[in-house]
Visitor: 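To start, I am sharing the structure in question, which I have written as structure tokens.
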Amino acid sequence: MGKVGWGFTCSIDGFITGPDHDMSWLSTAEPLAEGTVERMAGDVAVIISGRAGYDAAKAQQDERDETTSAAYGGAWSGTEFILTHRPEEIAEDPTIVALNCDVVEAIRRAREIAGDRDVQIISADIARQALEHDLIDELQIFVAPVFLGDGTRIFDVAGGRRIDWELVDIFEDSPRSFGRTYRPRRR
């Protein structure tokens, strides 16, 4: 069975989107080594996204470049789940599967489809919920040399919640992007 991963590129100050889900800042990210994005995309069978990100991508589609207009810059193909309480509003989009269920059910369904390949979460809120149920096996982080000051925080829990991670891998072929893979340290 594949892994459930949470992957993102973030700003130095800890945001994965700018205000209003702006992604234009990703152009400041260091390019990854040739083949890295394609290799990572090939491991992923199912992506789980949130409705706010989906709506922002649709609203910004004319402004987004090749890096931000599609998952993995267009190198990925597979099934994308959009978790929403209003699935009927986006049910006509043939590129996604709209689901109204909790994160546990979404990940269960995604794993069934993924088989030996991975499930990738690309939403901070969905990842936070998955972490509450210990459902994330791996965290993949890249850092862009930019401060955003506002936007979607990587991890935001009222009152705080500590989760310890252990380093598993360093993307040696892309050192300027500070690419790292971690696993949760189980207590």
Side-chain angles (χ1 to χ4, degrees), residues 4-33 36-38 40-41 44 46-78 80-87 89-90 93 95-96 98-99 103 106 118-132 136 138-163 165 170-171 174-182:
V4 174
W6 177 24
F8 54 83
T9 298
C10 66
S11 63
I12 293 172
D13 58 343
F15 295 95
I16 60 172
T17 74
D20 300 319
H21 273 79
D22 174 56
M23 299 301 289
S24 63
W25 60 274
L26 272 177
S27 64
T28 66
E30 298 291 338
L32 299 178
T36 300
V37 172
E38 293 79 8
M40 291 171 60
V44 176
V46 180
I47 288 176
I48 302 176
S49 306
R51 180 65 187 267
Y54 171 85
D55 287 345
K58 289 295 184 187
Q60 300 166 8
Q61 67 188 14
D62 293 336
E63 303 161 22
R64 292 196 176 195
D65 62 16
E66 63 188 35
T67 304
T68 61
S69 63
Y72 293 95
W76 175 79
S77 65
E80 183 173 8
F81 288 171
I82 304 295
L83 298 189
T84 175
H85 296 295
R86 304 173 319 276
E89 295 175 1
I90 58 175
D93 185 342
T95 65
I96 56 104
L99 294 177
V103 71
D118 295 344
V119 173
Q120 186 78 355
I121 297 171
I122 60 171
S123 160
D125 185 51
I126 294 168
R128 179 191 51 75
Q129 294 172 54
L131 285 167
E132 288 175 6
I136 292 184
E138 190 170 273
L139 174 65
Q140 301 141 356
I141 303 173
F142 293 90
V143 178
V146 62
F147 283 138
L148 296 177
D150 194 10
T152 305
R153 289 210 170 275
I154 294 170
F155 188 67
D156 198 7
V157 177
R161 177 168 183 232
R162 178 178 165 163
I163 299 174
W165 299 89
I170 296 174
F171 287 81
S174 301
R176 295 181 65 186
S177 67
F178 194 75
R180 304 288 188 264
T181 301
Y182 297 90

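Remember, it's a predicted structure, so these values are computed and weren't measured experimentally. The figures here come from the full heavy-atom set of this structure, side chains too, leaving out hydrogens, waters and symmetry mates.
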Visitor: L148 and F15: which non-hydrogen atoms are nearest, and at how many Å?
Guide: CD1-CB, 3.8 Å
Visitor: Write down the atom of G7, the atom of I122, and the distance for their closest heavy-atom approach.
Guide: O-CG2, 4.0 Å
Visitor: Stepwise, does the side-chain contact (heavy atoms from CB on, under 4.5 Å) test hold for I47 with F81?
Guide: CA-CA 6 Å; I47 288 176; F81 288 171; over 6 Å; no
Visitor: Any side-chain heavy atom of W6 sitting closer than 4.5 Å to one from I154?
Guide: yes
Visitor: Has D93 got a side-chain atom pairing as donor or acceptor with T95's backbone, closer than 3.5 angstrom?
Guide: yes
Visitor: Got a second to check how far R153's CZ is from I16's CD1, nearest 0.5 Å?
Guide: 11.5 Å
Visitor: For the pair W76 (side chain) and V44 (backbone), establish whether a donor and an acceptor sit closer than 3.5 Å, ignoring hydrogens and angles.
Guide: yes
Visitor: If every non-hydrogen atom of V146 is compared with every non-hydrogen atom of S11, which pair is closest and at what distance?
Guide: O-CB, 3.2 Å
Visitor: How close do A144 and T28 get, counting heavy atoms only, and between which atoms?
Guide: CB-OG1, 3.8 Å
Visitor: Sub-3.5 Å donor-acceptor pair from the side chain of D118 to the main-chain atoms of Q120, do we have one?
Guide: no
Visitor: What's the separation between atom CG in L32 and atom CD in E38, rounded to the nearest 0.5 Å?
Guide: 9.5 Å
Visitor: Measuring from atom CZ of F155 to atom SG of C10, what distance do you get when rounded to the nearest 0.5 angstrom?
Guide: 14.5 Å
Visitor: Take R180 and W165 through the side-chain contact (heavy atoms from CB on, under 4.5 Å) test and state the conclusion after the steps.
Guide: CA-CA 11 Å; R180 304 288 188 264; W165 299 89; over 6 Å; no
Visitor: What distance separates D55 CG from E89 CD, expressed to the nearest 0.5 Å?
Guide: 8.0 Å
Visitor: May I have the step-by-step check of side chain to side chain donor-acceptor pair (under 3.5 Å) for E138 and T181, ending in yes or no?
Guide: CA-CA 7 Å; E138 190 170 273; T181 301; 4.9 Å; no
Visitor: Between F142 and L26, is a side-chain contact (heavy atoms from CB on, under 4.5 Å) present by the stated rule, with each step listed?
Guide: CA-CA 11 Å; F142 293 90; L26 272 177; over 6 Å; no
Visitor: Just verifying a value: how many Å separate E80 CD and L99 CG, rounded to the nearest 0.5 Å?
Guide: 11.0 Å
Visitor: Could you tell me whether D20 atom CG has more than 12 heavy atoms of other residues or ligands within 6.0 Å of it?
Guide: no
Visitor: Any pair with a residue in residues 122-131 that passes side chain to side chain donor-acceptor pair (under 3.5 Å), sequence neighbours left out, goes on the list, sorted by first then second residue, please.
Guide: D125-R128, D125-Q129, R128-E132
Visitor: If you compare all heavy atoms of I90 against all heavy atoms of Y54, which two are closest, and at what distance to 0.1 Å?
Guide: CG2-CE2, 3.3 Å
Visitor: Within this structure, what is the CD1-CG distance for the pair I126 and L131, rounded to the nearest 0.5 Å?
Guide: 12.0 Å
Visitor: Can you name the nearest heavy-atom pair linking I121 to A127, along with the distance?
Guide: CG2-N, 3.7 Å
